[in-house]
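Worksheet: one structure, shown below.
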Number of protein chains: 2
Amino acid sequence: MAIQKSSAPTIIDVAERAGVSRATASRAMGGYGRIAESTVELVRKAAAELGYRPNEVARAMRQGRTRTIGLVIVADFTNAFFDRATKAIVDAAKARGYQVLITNTDEDIAAERQAIETLVDKQVDGLIVVPSTSAVHDHLASIQTSGKPLVLIDRRVDGIIATSVTTDDFSGTEAAVRHAHAMGHRRFGFLIAAEGKYGHSSERPALLISTVEDRINGFLSGCADLGIKARQQSWMFCEDNPRDSDQAVAKLLDQPKAPSVILTSNNDMALALLKTAGNRRLAIGKDISLITVDDSQWAAAMAPGITVVARPVESLGAIAVEKLLAEIDAPGQKAEKIVLPTELIARGSVANLVMYPENEPENY
Amino acid sequence: MAIQKSSAPTIIDVAERAGVSRATASRAMGGYGRIAESTVELVRKAAAELGYRPNEVARAMRQGRTRTIGLVIVADFTNAFFDRATKAIVDAAKARGYQVLITNTDEDIAAERQAIETLVDKQVDGLIVVPSTSAVHDHLASIQTSGKPLVLIDRRVDGIIATSVTTDDFSGTEAAVRHAHAMGHRRFGFLIAAEGKYGHSSERPALLISTVEDRINGFLSGCADLGIKARQQSWMFCEDNPRDSDQAVAKLLDQPKAPSVILTSNNDMALALLKTAGNRRLAIGKDISLITVDDSQWAAAMAPGITVVARPVESLGAIAVEKLLAEIDAPGQKAEKIVLPTELIARGSVANLVMYPENEPENY
DNA sequence: AAGATTTGTGAGAACGTTCTCGCAAATCTC
DNA sequence: GAGATTTGCGAGAACGTTCTCACAAATCTT
């Protein structure tokens, strides 16, 4: 009986058993360089008998590449972004032989910095980042200084030259306004999730992430195109927590001339609206209308279904991986700004005021 | 002006600049062994000037540990497990200085095998696995053979000795039945998501994952305790896809004596019920009652809120990490079967039949 | 059949760390 | 102040691969 080795067999053990040199065994296993087919067989057999598995850390060390990409993402559940994007990225990477090291920043710039540092130290071959803010980018630049490819997703960051994959939220909210207008709505509310320490307010914060900026600009552009005046619009910015969002909804609804339709900038806000509306016995799609950004299973399953601006999150992730791997395989690609189209999915949460002439909006 | 090195500085560069040996520089940076405080200062300064960052791959190679754990998980979104568990695990790991390599199996045993193999090859220090089936476990055993600690979460696997962290779904569904009974319900339906290739059926599949087994047994136990007879119960098993789940819901509702309350084994099934009920203009919590396993933001926000059996998914993940790291730090820990309590959260989706004597269930 | 080329293999360096060991200098002991 | 101990540091091996180079044997060329 053979003596059991306590630790895992290495290529040296395989080489010995096959009666060849370390280099030859490595070539046989790795399938590179010149090597006789008969030798390959021999080495394979020895490897199988020993249960040999190559040590990927040693391999990474020698080859200077880990076949691992780093993902720095904001883990916000309800927006159905974190999970959908993560799955898409993990699956796309796997299909190309890469694994994913995942880190969560919780929208915190310090955590983002640290996550990036750690991933670079771990020698990932490239990074996909959902930046937590558009304002700071020295840490992103430092990724590039370190020579690692970088792809930004979901949010743009000005001041840095890197490939980014985002969605056309401007057109999305514009389409939402257009849709509500076509259904006869003339008073628009907008409930906007925003980071910060100011609770909730109707005052536009100085600094917003690019998706939120786009959604606001799309809203304003849609209103302008349709001749909707400022006094027909109202909005609230608020932190993404239950207390503030509930109060923000209340403030929107309790205005003298309350909006008939409310857009929400993400699913948290939509849920806040749903909750407050429920408490007030306001029926969605009847007493109050709703359109939100980001589709979800529950938005489709509810009665009535929620009308949404759907964003192609899976494509976002898959394309990001594709672009990142392209840069890894052949450094020096041109940085691209890829913008994916959004889609308005009309369900039942927007009341059709046109059908009921008695509800026709007053002169505005 | 100094000559720019093209690649990242190594400890050798630091040593040279500080005028000490490689070993001393390493000691200074790593903070181990005997070393003079003045030398540490010197080396730190040199490292800072060069922008030196230790190569974690080389370090892992030498130390035989990567400070990385592998996560093998089933990415099913709607059950709010994948995202919540992943975030909890990533955050708990980070707090202890570990990173997470994530892989998705999509409930596929072949993918699970391959994922495990890859992660072991990448020399993760331990694995957390959500097993896709209870039937096969040789690949899990092979993790242990390789000497890597293993913690199972969410689902039990018989035939393998490993620490597992699960939730008490038996008591959860039992409590759900009890709650509905207390509200006056006497006809119970159960819509159960199950893996397989049989579409939907009222016949109990031979093999189910442990969570589903527990939920069924809890349902049956609750019924038995309350004296609910077999003819007052009906169930459907079905694959987790829209077509089958819709048909399964229809079959439950179209029985001669349809159930007044339906339990669903996960959120997908709950959404299927919601959708069909909406199409039929059945009001939840009035015309048809619903309790589902797993809480979610939308279940809380809807009007009426959905009554749920909430599972402590974050704790599940955090405890799994804790146990795994304990085993990594000190191998030879005793395998534990940790079962976390579930909680019934009553909202408005279960009609109170007791309040309306005229609705009192007929003699049964 | 002699030179040119191709093929298959092995020896040894290299990747960037950490660890073990040995040794000289500094400090302690009485 | 001589021996014992402690302190600080450097040389070199080690982790498990892959890669470069050299070289002998086999095959091709004309």
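Chain letters run A, B, ... following the sequence lines, proteins first and then strands; every chain starts at 1.
Residue B/Val57 is classed as having no contact, given no heavy-atom separation below 4.0 Å to the nucleic acid.
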Can you tabulate the close N/O pairs, meaning under 3.5 Å, that link protein atoms to atoms of nucleotides 15-19 of chain D?
unit_1	atom_1	unit_2	atom_2	d
D/dT17	OP1	A/Tyr52	OH	3.0
D/dT17	OP1	A/Asn55	N	3.3
D/dT17	OP2	A/Ile11	N	2.7
D/dT17	O5'	A/Tyr52	OH	3.2
D/dT18	OP1	A/Arg59	NE	2.8
D/dT18	OP1	A/Arg59	NH2	3.1
D/dT18	OP2	A/Ser26	OG	2.2
D/dT18	O2	A/Arg62	NH1	2.5

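Just one residue in the list B/Ile153, B/Ile128, B/Leu324 forms a side-chain contact (heavy atoms from CB on, under 4.5 Å) with B/Val165, and that residue is B/Ile153.
Smallest separation of non-hydrogen atoms from A/Arg27 and A/Gly33: CD-CA, 4.3 Å. Considering every non-hydrogen atom in both A/Ile89 and A/Ile69, the closest pair reads CG2-CD1, 4.5 Å.
Applying the 4.0 Å criterion to OP1 and OP2 of D/dG10, one finds that B/Ser21 has a side-chain N or O inside that range. Contact annotation: B/Thr39 reaches the phosphate of D/dC9 (side-chain N/O to OP1 or OP2, under 4.0 Å).
Under a cut-off of 6.0 angstrom, the local environment of NZ in A/Lys337 is crowded, with over 12 non-hydrogen atoms contributed by other residues, nucleotides or ligands.
A straight line from CZ of A/Arg34 to C1' of D/dC21 spans 13 Å, rounded to a whole angstrom.
The backbone N or O of B/Thr10 sits less than 3.5 Å from a side-chain atom of B/Asp13, completing a donor-acceptor pair.
Between B/Val321 and B/Val151, every side-chain heavy-atom pair lies at or beyond the 4.5 Å cut-off.
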